[in-house]
Amino acid sequence: MIQLIRGFRDILPSDVPLWQRIEQTAVELFEAYGFAEIRIPIMEKTELFARSIGETTDIVEKEMYTFADRQGAKQKADELLTLRPEATASIVRAYIQHKMYAGDPLHKFYMTGPMFRRERPQKGRYRQFYQIDAEIFGTGSAYADVLLISMLTELLRRLGVDDTKAHLNSLGCPECRPAYRETLTAYIDARADRLCEDCQRRKTRNPLRVLDCKVTACREAMTQAPELIDHLCDACRDHFAIVTESLADLSVPYVLDKRLVRGLDYYTRTTFEIHTEVLGAQSAVAGGGRYDGLVEALGGPSIPASGFAIGFDRLAEIVAQKQPAAVPAPALFIAPIGEEARARAFPWFIELGQAGVTCDIEMGGKSLKAQMKRANRIGAAHVLIVGETELVQGAAILRDMNTKAQQAVPLERLVATLVAELG
RNA sequence: GUGGGUGUAGCUCAGUUGGUAGAGCCCCUGGUUGUGGCCCAGGUGGUCGUGGGUUCAAGUCCCAUCACUCACCCCA
């Protein structure tokens with residue numbers, strides 16, 4: 001028996017109503033704020049991800065599904081393709097490629113779909129996982145960041161999730177980060193011998209990540225480390241102040257998390273993650289931030305942008321714990337008895353469906369008792385019983401499964417009657 | 001990539017010192033010559049993850065492998 005790929009999964013019909021509800025809730029909310037859906041390809045040239053996410057990040061170094069477009073042929077760099085590990089790079093690429101910055105550069109996008117990262121599977125972590133993404137291009141305003149965080153909070157609230165926490169930090173900008181980086185590197189070098197193996201590597205390539213290390217020895221060594229947030233330039237400090245003040249005005253709960261450093265290199269200034277208790281180690285249900293340099297870095301004009309990604313799988317798990325999704329039940333089950341009745345009833349079933357009545361019918365030749373059992377099991381509100389007697393008398397029996405009340409429905413205009421009654 | 005735990009019926013799980021498989025739920029049939037949920041009776045369903053090994057005999061012991069799972073790591 002062929003099994004599905006490790007870290008991949010089927011989302012079965014019993015889970016789909018939940019996924020649909022989450023997606024509909026998100027779409028409704030995002031569109032209210034002027035976000036428009038964009039659909040991007042599932043693969044891009046590897047170079048796009050390498051350049052945007054960062055050559056030295058874990059995602060690019062060891063987690064991407066990359067392959068040669070043509071086997072055996074002489075390989076050029078641009079023939080290496082990668083299954084998208086995140087959405088932002090593609091959206092930026094599309095924004096630049098279609099010159100969407102011309103005219104009004106302000107655009108708000110959202111998208112949803114699968115992403116691929118080859119990590120060891122775990123609770124809330126899959127190799128094919130789904131994200132809901134939102135991005136704002138064309139404004140450097142701190143209020144754009146606030147809008148994103150507020151949307152996330154509201155989305156969670158609408159889905160009945162209220163015990164999450166927004167973690168907030170600022171990563172500075174090209175004006176202030178280099179100086180801080182030097183300060184930090186000096187601090188780290190002074191106690192490098194106490195750091196773990198990974199941090200030994202990180203300290204030169206990406207020293208900010210040392211702050212984020214979970215190893216106890218590293219945490220202890222870094223307790224007195226200089227904080228980026230204390231070394232911001234004036235512009236970054238003002239930006240961050242507006243973010244925090246505005247969130248407070250809106251009563252959006254947040255905590256400052258000075259150690260919040262994200263794993264993608266393109267972030268600047270505001271970064272945030274939404275955390276939850278119920279997912280074990282994979283506590284981040286959403287994350288994002290500002291990436292003012294990315295559009296330009298990928299060959300576009302200098303245009304600021306900000307965005308977030310929600311872990312759909314994780315969100316679905318949280319929401320499912322709060323309120324299990326209701327299984328949709330049909331309004332009507334048609335129970336014909338005998339060949340002739342079935343032949344007569346089948347067109348009713350087709351027409352009722354066309355008229356929008358959710359219904360089902362027994363297509364085999366089961367006993368009425370078996371049919372009633374099935375109607376009950378699938379939660380049908382009504383059952384239409386039709387056998388020889390009913391055909392002779394010219395009226396079928398409509399049974400209300402809750403009250404057990406039965407009424408005769410004349411075969412003439414039967415479909416119209418049922419549509420009026422149940423539709 | 002590293003470590004721990006777990007793999008027996010569709011699902012949740014028993015299986016005692018090795019003696020060639022069981023329960024509950026689900027499903028099907030009947031108890032009601034054409035009426036569901038409760039109850040009663042009967043029934044379908046498993047090469048015990050896979051491959052080797054030890055043994056007269058392996059679900060049970062040994063090795064390997066795969067999968068799931070949790071954690072590290074990373075992130076959504």
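Sequence lines set the chain letters: A, B, ... in the order given, protein chains first and strands last, and positions in each chain run from 1.
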>> Using a 4.0 Å heavy-atom cut-off, does A309(A) contact any base of the nucleic acid, only the sugar-phosphate backbone, or nothing at all?
In response: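 Result for A309(A) = sugar-phosphate.
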>> At 4.0 Å (heavy atoms only), tell me whether I397(A) reaches a base, stays on the sugar-phosphate, or touches nothing.
In response: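 Touches a base.
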Non-neighbouring partners of [X] that pass side-chain hydrogen bond (donor to acceptor under 3.5 Å, both in side chains), sequence neighbours left out:
X	answer
R157(A)	E154(A)
Q371(A)	none
E421(A)	Q407(A)
E61(A)	R205(A)

> Can you check the K404(A) NZ to G37(B) P distance for me, whole Å?
Replying inline: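 Between P of G37(B) and NZ of K404(A): 9 Å.
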>> What is the separation between atom CD on E362(A) and atom P on G36(B), rounded to the nearest whole Å?
In response: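 E362(A) atom CD is separated from G36(B) atom P by 15 Å.
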Nucleotide N/O of nucleotides 65-71 of chain B paired with protein N/O under 3.5 Å:
| residue | atom | partner | partner atom | Å |
| --- | --- | --- | --- | --- |
| C68(B) | OP2 | R6(A) | NE | 3.0 |
| C70(B) | OP2 | K123(A) | N | 2.6 |
| A71(B) | OP1 | A281(A) | N | 3.0 |
| A71(B) | OP2 | Q122(A) | NE2 | 3.1 |

Solution key, residues 328-338 of chain A side-chain donor-acceptor pairs under 3.5 Å, sequence neighbours excluded:
none

Among pairs that include at least one residue of [range], which meet salt bridge (Lys or Arg N to Asp or Glu O under 4.0 Å), considering only residues two or more places apart or in two chains?
range	result
residues 283-295 of chain A	D145(A)-R290(A), R290(A)-D292(A)
residues 333-358 of chain A	E339(A)-R342(A)
residues 392-408 of chain A	none

>> Can you work out whether R118(A) or A380(A) has the more 5'-proximal nearest nucleotide on RNA chain B?
In response: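 The residue mapped nearer the 5' terminus is R118(A).
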Nucleotide N/O of nucleotides 42-52 of chain B paired with protein N/O under 3.5 Å:
none

> Pairs counted as Watson-Crick or G-U wobble with both distances under 3.5 Å: what dot-bracket string results for RNA chain B, using | for bases tied to another strand?
Replying inline: (((((((..((((.....[..)))).(((((.......))))).....(((((..]....))))))))))))....
Between protein and nucleic acid, restricted to nucleotides 28-33 of chain B and to nitrogen or oxygen atoms under 3.5 Å apart, what atom pairs and distances do you find?
| residue | atom | partner | partner atom | Å |
| --- | --- | --- | --- | --- |
| C28(B) | OP1 | R377(A) | NH2 | 3.0 |
| C28(B) | OP2 | R377(A) | NH2 | 3.4 |
| G31(B) | N7 | K369(A) | NZ | 3.3 |

>> What I want to check is whether an N or O donor and acceptor connect the side chain of Q406(A) with the base of U35(B) at under 3.5 Å.
In response: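 Side chain to base: pair present.
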